[in-house]
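Structure first, commentary second.
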Amino acid sequence: MKKTLMFAPLALCASVSLAADLDAKVAEMMKTSFKANGIASIERQVQDEVQKACSSPTQPDAATMKRLEEAQMATIQWPANGDYTGGDWKEGAKIAISGRGLTWTDPTPDNNGGGCYNCHAMDPKEVSAGTIGPSLVGYGKLRGNSEPMVKYTWGKLWNSKAYNACSDMPRNGFGKILTETQIRHVMAYLFDPESPVNK
Amino acid sequence: MKKTIMAVAIGAVALTAPNMQAMASEDLNFDAYRQMLADGNPAELFEMEGEELWRTARGPKNATLEQCDLGVGAGVVDGAAAQLPRFFADTGKVQDLESRLMHCMETLQGIPSAEIINGKFRQGERGKLASLVAYVVTHSNGKKVQVDLSHPKMKEMYDMGEKVFYYRTGAMDFSCASCHSQDGKRIRATQLPNITTSKGAAEGWGSWPAYRVSNSQFWTMQHRLWDCFRQQRTAEPVFASDVTIALSVFMAGKGNGYEAVWPGVKR
């Protein structure tokens with residue numbers, strides 16, 4: 001009787017440590033199977049906290065999600081002068097259309113696109129819009145430009161993981177994909193009544 | 001004789017390619033031009049070259065590949081690709097078609113693997129390897145993918161491949177799953193298979209290597225994965241490295257039982 005009791009936790013231990021072994025092996029392989037090329041350094045193979053927690057088909061429990069989201073929220077840089085939407089929507093359109101940047105074939109880490117159309121519909125006239133993210137057609141027209149809405153959108157663009165730790169959307173500001181100025185242009189593309197997104 | 005066939009075929013491709021491209025941008029229906037290409041897949045040129053390479057004595061050892069064992073016996077090409085990747089006792093490793101061919105080129109012909117690993121896609125010995133791939137997979141066209149996962153090393157590779165599939169990393173936090181884990185999703189106009197299902201895995205695994213009409217290039221699965229990692233914004237995967245084998249075992253194993261369409265034709 002005692003013996004069976006002792007064996008059960010041991011067996012559990014064994015399978016837990018096997019799983020940990022596999023994770024360690026995978027993390028190791030993600031480094032040894034790669035090489036640095038141009039701006040794509042081998043550091044890219046190392047996960048941060050959010051990436052690590054969101055690397056399985058099931059997302060972490062609610063408490064973990066909340067903790068991660070709070071930490072990501074704290075990384076958001078809000079515009080110093082309170083100017084959220086004063087960019088140029090035409091510049092924003094270019095950034096939303098361009099999906100280039102940050103691959104090992106890109107010469108510099110600057111002047112990236114946001115790749116928004118890879119995942120979102122925005123200008124209803126653009127037929128080849130991706131569907132990984134929700135449609136943003138009519139974004140400003142439908143949601144208005146109240147302070148909470150504008151702030152939320154800025155935050156979402158800066159660090160999508162602050163609102164959903166395991167979001168599929170990249171962290172444009174936090175990840176240095178886009179600059180603050182570029183994000184302001186994209187904000188104008190979403191909110192400006194003259195932007196085709198709102199026509 | 002062979003030369004004339006190639007020349008005629010190239011002529012035909014050059015004539016029809018612009019047409020297909022125009023169609024691709026207007027018409028998102030991919031099946032339509034897959035159909036159109038069905039009896040004239042330009043990958044046939046690579047297949048012919050590959051067959052010749054298989055039979056030609058080459059390399060420092062001046063040998064052919066006709067004694068190469070792809071897992072179903074020395075020199076047997078028929079049905080071999082449908083059962084790869086597999087565990088090979090002679091190397092003690094799980095190998096996909098490309099790493100196995102590389103092994104044969106080194107052991108039989110004396111062509112150093114390093115030349116291929118450090119080479120570039122579509123060039124030099126790595127380019128020749130791609131033609132050999134075209135030849136070998138053609139002999140599994142229409143066969144069911146049948147990868148044996150029973151060996152512990154295959155099982156481990158499958159499990160690692162599954163983990164890699166969900167492994168988020170890089171400048172944009174993507175994993176393979178970011179782009180390939182939901183039904184019916186698109187990036188821009190490009191349909192993405194849901195590789196977390198058997199059907200979707202088979203769709204991806206069982207249609208590469210493929211001729212890409214958009215850039216008139218023949219790409220192997222190693223090339224496909226390399227470009228997906230590029231889009232994922234990771235560092236550059238090493239040719240035939242463990243990560244590429246693990247993902248291949250995962251996709252092939254998940255796609256077991258579905259028919260392969262080899263070589264594929266893609267947009």
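Heavy-atom basis, side chains included; hydrogens, waters and symmetry copies ignored. Proteins get letters first, then strands, A, B, ... in listed order; numbering begins at 1 in each. All figures in this text were calculated on a predicted structure; none of them were measured in a lab.
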Ranking A/Asp106, A/Asn37, A/Asn172 by heavy-atom pairs under 4.5 Å to chain B gives rank one to A/Asn37

Between A/Arg67 and A/Glu70, is there a salt bridge with N-O shorter than 4.0 Å? no

Taken in chain and number order and not counting sequence neighbours, the residues that satisfy disulfide (SG to SG under 2.5 Å) with B/Cys104 are B/Cys68

Interface check, chain B: of A/Val26, A/Ile42, A/Asp23, most non-hydrogen pairs under 4.5 Å belong to A/Val26

When the 4.5 angstrom heavy-atom criterion is applied to B/Ser178 and chain A, the contacting part is both

Counting heavy-atom pairs under 4.5 angstrom with chain A, the leader among B/Glu156, B/Met160, B/Glu236, B/Gln232 is B/Glu236

| Using the ring of each side chain (for Trp, its six-membered ring), is B/Trp219 parallel, tilted or perpendicular to B/His223, with breaks at 30° and 60°? | parallel

**Message:** Between A/Lys199 and A/Glu194 (salt bridge meaning N to carboxylate O under 4.0 Å), is one present in this structure?
**Reply:** yes

Answer key: most heavy-atom pairs under 4.5 Å with chain B among A/Leu102, A/Ile39, A/Val46 is A/Leu102

Between B/Lys254 and B/Glu162, does any side-chain N to carboxylate O distance fall below 4.0 Å?
no

Interface check, chain B: of A/Ala40, A/Ala36, A/Gly175, A/Pro57, most non-hydrogen pairs under 4.5 Å belong to A/Pro57

So the side-chain hydrogen bond (donor to acceptor under 3.5 Å, both in side chains) pairs with at least one residue in residues 73-88 of chain A (sequence neighbours excluded) are A/Thr75-A/Asn159

So, the part of B/Ala171 with a heavy atom under 4.5 Å from chain A: the answer is both

Cut-off 4.5 Å, heavy atoms of chain B, and the answer for A/Cys54 is both

With chain A, the option among B/Asp173, B/Ile187, B/Val238, B/Asp159 that has the most non-hydrogen atom pairs under 4.5 Å is B/Asp173

What orientation do A/Tyr139 and A/Phe191 show, parallel under 30°, tilted 30 to 60°, or perpendicular over 60°? perpendicular

Turns out that what part of A/Ala27 lies under 4.5 Å from chain B's heavy atoms comes down to both

Ranked by heavy-atom pairs below 4.5 Å to chain A, first place among B/Lys185, B/Lys163, B/Arg233 goes to B/Arg233

Cut-off 4.5 Å, heavy atoms of chain A, and the answer for B/Ala246 is side chain

ask   = Is it the case that B/Arg168 places NZ or CZ above or below the six-membered ring of B/Phe174, under 6.0 angstrom from the centre and within 45 degrees of the axis?
value = no

- Between B/Asp90 and B/Arg100, does at least one N-O distance fall below 4.0 Å, as a salt bridge requires? yes

Quick test of your reading of the model: are A/Asp168 and A/Lys161 salt-bridged, counting only N-O distances below 4.0 Å?
no

Residue from A/Gly130, A/Ser41, A/Ser55 scoring the most non-hydrogen pairs under 4.5 Å with chain B is A/Ser55

Okay, B/Phe239 and chain A: the region with an atom under 4.5 Å from a heavy atom over there is neither

Under 4.5 Å to a heavy atom of chain B? For A/Glu126 that would be side chain

